[in-house]
Amino acid sequence: MKIYGANLSPFVRKVLAVCSIKGLDYEHQVVTPGSPPEGYLKISPLGKIPALEDGDLAVSDSSVICEYLEEKYPAIPVLPADPADRARARWLEEFADTRLVEAVAPFFFENVFKGILGMGEPDTAKLEQLATEVIPGRLEYVESQVPAEGFLFGTIGTADAALCSPLINAGYGGFEADASLYPNTVAF
């Protein structure tokens with residue numbers, strides 16, 4: 001089994017976390033967005049990361065990959081057994097992959113990625129606007145969902161990895177959630 005992508009991607013990190021939790025053997029092939037290897041579009045038709053090859057199967061999208069891994073290797077689950085909890089875990093993963101990422105990813109892009117690529121100075125006005133107008137609502141929601149300690153559904157799973165990964169990247173980009181406002185989120 002091969003996992004394609006760059007460790008700094010929160011989506012790739014989620015897939016790698018699921019593989020680690022499940023104790024799966026895999027080969028990690030680093031693929032940088034914007035410069036995929038020859039033939040990569042056969043594996044990931046949109047050219048995005050992550051992608052997975054497992055025998056004749058080629059699939060992309062982190063959530064689809066995680067679902068596949070859960071179904072193929074059920075011995076160590078990364079989704080809760082209860083259907084209602086399973087639905088909630090899928091929703092939290094979707095929230096993290098969309099609304100949370102779009103709110104916090106610009107910190108990494110502006111403060112790290114632009115410098116690496118020589119794309120000029122960070123757009124601090126954009127980051128300030130996100131920090132004051134968008135991120136508080138997203139973090140208030142996360143705060144209302146995560147436990148004061150431990151994992152979302154008793155043991156670490158996909159939803160935990162999905163919620164943490166974008167916040168890790170935001171931290172690399174200089175954004176840190178205020179522990180006095182979001183104590184559960186920061187502890188999580």
Side-chain angles (χ1 to χ4, degrees), residues 2-21 26-38 40-41 43-52 60-66 92-143 145-146 152 156-188:
K2 294 180 184 176
I3 307 290
Y4 296 87
N7 290 353
L8 283 175
S9 162
F11 305 109
V12 173
R13 191 180 302 119
K14 177 177 69 172
V15 170
L16 296 177
V18 166
C19 287
S20 179
I21 293 164
Y26 62 92
E27 179 184 333
H28 180 205
Q29 299 233 334
V30 176
V31 173
T32 305
S35 60
E38 188 174 322
Y40 188 66
L41 293 180
I43 301 163
S44 178
L46 300 177
K48 294 186 175 186
I49 58 172
L52 171 138
S60 55
D61 183 82
S62 64
S63 296
V64 174
I65 293 168
C66 289
L92 290 170
E93 179 184 4
E94 174 65 18
F95 174 82
D97 287 355
T98 56
R99 297 302 188 221
L100 186 58
V101 165
E102 71 188 21
V104 300
F107 282 85
F108 182 80
F109 178 79
E110 293 291 334
N111 291 329
V112 177
F113 206 66
K114 277 175 101 172
I116 291 170
L117 297 179
M119 297 174 64
E121 295 299 313
D123 183 345
T124 56
K126 176 182 181 175
L127 298 180
E128 180 62 27
Q129 184 267 333
L130 286 168
T132 59
E133 297 176 24
V134 178
I135 293 174
R138 309 287 161 83
L139 290 183
E140 286 167 10
Y141 181 72
V142 172
E143 183 70 14
Q145 299 300 304
V146 298
L152 286 163
I156 191 167
T158 306
D160 300 278
L163 284 170
C164 289
S165 289
L167 295 173
I168 289 168
N169 279 32
Y172 292 153
F175 176 81
E176 295 294 331
D178 183 339
S180 68
L181 297 174
Y182 313 107
N184 293 348
T185 301
V186 170
F188 185 72

Suppose we screen for salt bridge (Lys or Arg N to Asp or Glu O under 4.0 Å). Which residues come up paired with E143, at least two apart in sequence or across chains?
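In terms of salt bridge (Lys or Arg N to Asp or Glu O under 4.0 Å), with neighbours along the sequence ignored, E143 is linked to no residue.
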
Sorted by chain and residue number, the salt bridge (Lys or Arg N to Asp or Glu O under 4.0 Å) partners of E102 (sequence neighbours excluded) come out as R99, R138

Side-chain heavy-atom pair [X], [Y] within 4.5 angstrom cut-off:
X: F175; Y: L127; answer: no
X: L92; Y: L152; answer: yes
X: V12; Y: S62; answer: no
X: V15; Y: L52; answer: no
X: Q29; Y: Y40; answer: no
X: I135; Y: Y182; answer: no
X: I43; Y: S60; answer: no

From [atom1] ([X]) to [atom2] ([Y]), nearest 0.5 Å:
X: L100; Y: T185; atom1: CG; atom2: OG1; value: 9.5 Å
X: L139; Y: N184; atom1: CG; atom2: CG; value: 12.0 Å
X: I3; Y: I49; atom1: CD1; atom2: CD1; value: 12.0 Å
X: K114; Y: F108; atom1: NZ; atom2: CZ; value: 13.5 Å
X: D97; Y: L163; atom1: CG; atom2: CG; value: 9.0 Å
X: K14; Y: I65; atom1: NZ; atom2: CD1; value: 9.0 Å

Using the rule side-chain contact (heavy atoms from CB on, under 4.5 Å), only one of D61, V101, L16 pairs with F11; which is it?
V101

So with a 6.0 Å cut-off around CD of E121, is the heavy-atom count from everything else above 12?
no

Closest heavy-atom contact between A96 and A162?
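Looking at all heavy atoms of both residues, the shortest contact is CB-O, 3.2 Å.
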
Can you give me the closest heavy-atom contact between E110 and D123, atom names plus distance?
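Result for this residue pair: OE1-N, 2.7 Å.
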
Yes or no on side-chain hydrogen bond (donor to acceptor under 3.5 Å, both in side chains) for E93 and S63, after CA distance, side-chain angles and deciding distance?
CA-CA 8 Å; E93 179 184 4; S63 296; 2.8 Å; yes

Before you tell me yes or no, could you show the steps for F109 and M119 under side chain to side chain contact (heavy atoms under 4.5 Å, CB included), namely the whole-Å CA-CA distance, both residues' side-chain angles and the distance that decides it to 0.1 Å?
CA-CA 10 Å; F109 178 79; M119 297 174 64; 3.7 Å; yes

Only pairs under 3.5 Å count here: list side-chain donor-acceptor contacts from residues 166-173, not counting sequence neighbours, and write none if there are none.
{"residue": "N169", "atom": "OD1", "partner": "R13", "partner atom": "NH1", "Å": "3.0"}
{"residue": "N169", "atom": "OD1", "partner": "R13", "partner atom": "NH2", "Å": "2.6"}
{"residue": "N169", "atom": "ND2", "partner": "L8", "partner atom": "O", "Å": "2.6"}

